[in-house]
Amino acid sequence: MKALILAAGKGEGLRPYTEKVQKEAISLVGKPVIRYVIEGLMSVGVNDFTIVVNEKGDQIVRAVEDMNIKLNTIKQRSPGISGAVSDGLENMDDTFVLAFGDIVAPSEFYRELMVTFNRTGSPVFSTVPVSSGLDTYGLVKVNEGLHVVSEGSTLALAGAYVIPKKPFNDFLSFLDQVAKDAEYFVWTGPWIDIGYPEDVIQAIEQLLKTESSRISNKSTISSTAVIGKGVIVEDGAVIEDFAIIKGPAYVGKDAYVGSYSLIRDFSSIEHGAVIGAYSEISHSLIGANAVIGSKSYITHSIVGDRTRIGASVITASYPASTKRQSTEKFGALISPDESLPHGVVVGPSYRK
């Protein structure tokens, strides 16, 4: 079966970060978000993909070009989600998988989708219970069949469906028509729709919870450093004297953690990032080749690729205003190639 993946959204909930980076190309725990979707579908036998992209399509291509799949990309020509799906239909068979490229879910989620389809032969919708930010999701209500609604439900569309290829004018109306007679399943396992900063931080936590410790023998770890449980250290990483990687945490390829630094609690340090001496990182994404100055404290924050954070910078994370999830913590969202000067305190909910 072929799959159509949507990766052309504007990412408004992650602005201004997404003005530079397509959110499906953001790397979490060493892997762009869209790869989690593709790998999930590959695990159930799908290996022919068409991805609808926008003007940042080159970022998506770089994110997946080394995967062993049949891949087409189509630049979205028509507006909105209706346009995105319509533009990709030409490459699909009579029945196909439609998936959103910003979902982080385990392979079992996609297995449930395909098992339900193989058992019934009918269109299949994935759904998931949600408790906050209801207006940010496409919702469905179960009432003599499945119905797509805009409010009055806590059951969201989960972002992966098996649907028929038919022409339509309005995608949500089409989806509602298909849903009435479709099979569906309610997914209650791990699942994150990457739409807001708190989703990124929670996705890192979800991913690291399922990973086992893995320390590359091509990394350099000082004999005085301390490595805790659930820590991943990739090739070429350097952990200096008396640094502590408490974990669960990820230290990417060629990343550097300075002396006496503390990396803890679901932090993802992407490839080539530099953490200065005496710094502390918690519940944060530090993008590729970003630099964190010495004696900084970064918590519940997202630091973009190549961003430079001065020495002694603090991100305050509480109390913050968040759209989703049951958390009141969010420090800073700092876009790629930006900078913060030495000694500043930013946040909560700071964006640059």
Side-chain angles (χ1 to χ4, degrees), residues 14 16-17 20-21 26-29 197-198 200-201 204-205 208 219-222 224-228 231 233 236-322 327-352:
L14 284 164
Y17 198 101
K20 296 182 177 178
V21 177
I26 296 174
S27 185
L28 306 179
V29 192
E198 58 268 30
V200 173
I201 294 166
I204 292 171
E205 179 173 340
L208 287 173
S219 62
T220 301
I221 301 176
S222 167
T224 58
V226 177
I227 307 296
V231 171
V233 180
V238 176
I239 313 296
E240 289 285 17
D241 295 342
F242 302 103
I244 298 174
I245 316 296
K246 186 177 179 181
Y250 174 82
V251 181
K253 185 178 179 181
D254 297 328
Y256 176 89
V257 179
S259 298
Y260 295 95
S261 285
L262 171 60
I263 310 297
R264 65 179 178 88
D265 298 302
F266 306 110
S267 293
S268 182
I269 314 299
E270 299 297 313
H271 70 85
V274 174
I275 310 299
Y278 296 94
S279 291
E280 181 173 344
I281 311 293
S282 171
H283 289 95
S284 293
L285 172 65
I286 309 300
N289 299 308
V291 176
I292 308 298
S294 62
K295 300 179 182 176
S296 290
Y297 176 67
I298 309 296
T299 180
H300 289 83
S301 295
I302 300 167
V303 176
D305 295 353
R306 301 171 300 279
T307 288
R308 302 185 72 84
I309 304 297
S312 303
V313 168
I314 294 174
T315 61
S317 63
Y318 178 86
S321 176
T322 57
T327 177
E328 292 182 307
K329 289 187 175 181
F330 163 39
L333 175 75
I334 306 172
S335 302
D337 300 303
E338 292 288 350
S339 63
L340 287 180
H342 302 303
V344 300
V345 179
V346 298
S349 306
Y350 176 86
R351 296 192 184 213
K352 181 178 183 181

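Residue numbers start at 1 and run along the sequence shown. Keep in mind that this is a model prediction, so the values were computed, not measured.
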| task | Give the minimum heavy-atom separation between Thr299 and Ser301, together with the two atoms involved. | result | O-OG, 2.7 Å

| Can you tell me how far OG of Ser296 sits from CD1 of Ile314, rounded to the nearest 0.5 angstrom? | 8.0 Å

| said: I want to check something: taking the side chain as every heavy atom from C-beta on, are Ile263 and Ile269 in contact at a cut-off of under 4.5 Å? | reply: yes

| task | Answer yes or no: is there a side-chain heavy-atom contact under 4.5 Å between Ile245 and Val233? | result | no

| query | If you look only at pairs with a residue in residues 267-276, which of them pass as a salt bridge (charged side-chain N to carboxylate O under 4.0 Å, His left out), with sequence neighbours excluded? | reply | none

| query | Which heavy-atom pair separates Pro348 from Ala320 by the least distance, and what is that distance? | reply | CB-CB, 3.8 Å

| task | Applying side chain to side chain donor-acceptor pair (under 3.5 Å), name anything that partners Lys352, two or more places apart in sequence or on another chain. | result | none

| Checking Ser335 side chain against Tyr17 main chain: does a donor-acceptor pair fall under 3.5 Å? | yes

| said: To check you understand the geometry: which heavy-atom pair defines the closest contact between Ala332 and Thr315, and what is its length? | reply: CB-CG2, 4.0 Å

| query | Say you draw a straight line from CD1 of Ile302 to OG of Ser268; how long is it, rounded to the nearest 0.5 Å? | reply | 11.0 Å

| request: Would you name the heavy atoms of Gly304 and Ala290 that are closest together and state the gap between them? | output: O-CB, 3.5 Å

| With sequence neighbours left out, what residues match His283 under side-chain contact (heavy atoms from CB on, under 4.5 Å)? | Ile201, Glu205, Asp265, Phe266, His300

| said: Test of understanding: with side chain to side chain donor-acceptor pair (under 3.5 Å), list the residues that count as partners of Tyr256, not counting sequence neighbours. | reply: Glu240

| task | Name all residues meeting the side chain to side chain donor-acceptor pair (under 3.5 Å) criterion together with Arg306; count only those two or more places apart in sequence or in a different chain, and write none if there are none. | result | Asp337

| Spacing of Ile275 atom CD1 and Ile281 atom CD1 [to the nearest 0.5 Å] | 4.5 Å

| What pairs with Thr307 under side-chain contact (heavy atoms from CB on, under 4.5 Å), at least two apart in sequence or on another chain? | Val303, Ile309, Ile334, Glu338

| remark: Residue set satisfying ring pair (Phe, Tyr, Trp, His ring centres under 6.0 Å) with Tyr318, at least two apart, ordered chain then number -> none

| said: Counting neighbours of NZ on Lys20 that are heavy atoms of other residues, nucleotides or ligands and sit closer than 6.0 Å, is the number greater than 12? | reply: yes

| note | Residue pairs meeting salt bridge (charged side-chain N to carboxylate O under 4.0 Å, His left out), one or both in residues 277-294, sequence neighbours left out, come to Arg264-Glu280

| remark: On a heavy-atom basis, the closest approach of Ala225 and Ile239 is CB-CG2, 3.8 Å

| field | side-chain contact (heavy atoms from CB on, under 4.5 Å) between Ile204 and Leu285, intermediate numbers included | value | CA-CA 8 Å; Ile204 292 171; Leu285 172 65; 3.7 Å; yes

| request: State which residues pass side-chain contact (heavy atoms from CB on, under 4.5 Å) with Val344; sequence neighbours excluded, sorted by chain then number. | output: Val313, Leu340, Pro341, Val346

| Under the side chain to side chain donor-acceptor pair (under 3.5 Å) test, which residues partner Ser267, sequence neighbours left out? | none

| note | d(Leu14 CG, Leu333 CG) to nearest 0.5 Å is 6.5 Å

| field | Set of side-chain contact (heavy atoms from CB on, under 4.5 Å) partners for Thr224, sequence neighbours left out | value | Ser222, Asp241, Phe242

| message | Test your reading of the model: is there a side-chain donor-acceptor pair from Ser259 to the backbone of Tyr278, 3.5 Å cut-off? | response | no

| said: Run the salt bridge (Lys or Arg N to Asp or Glu O under 4.0 Å) test against Arg308 and tell me which residues pass, sequence neighbours left out. | reply: none

| request: Examine distances only and state if a side-chain atom of Ser317 and a backbone atom of Gly331 form a donor-acceptor pair shorter than 3.5 Å. | output: no

| Which residue, Ser321, Pro319, Ser349, forms the side chain to side chain contact (heavy atoms under 4.5 Å, CB included) with Phe330? | Ser349

| task | Would you indicate whether the side-chain heavy atoms of Ile286 and Val274 approach each other to under 4.5 Å? | result | no

| query | Ser294 side chain to Gly276 main-chain N or O, any donor-acceptor pair under 3.5 Å? | reply | no

| said: Do Val21 and Asp305 have side chains that approach each other closer than 4.5 Å (heavy atoms only, starting at C-beta)? | reply: no

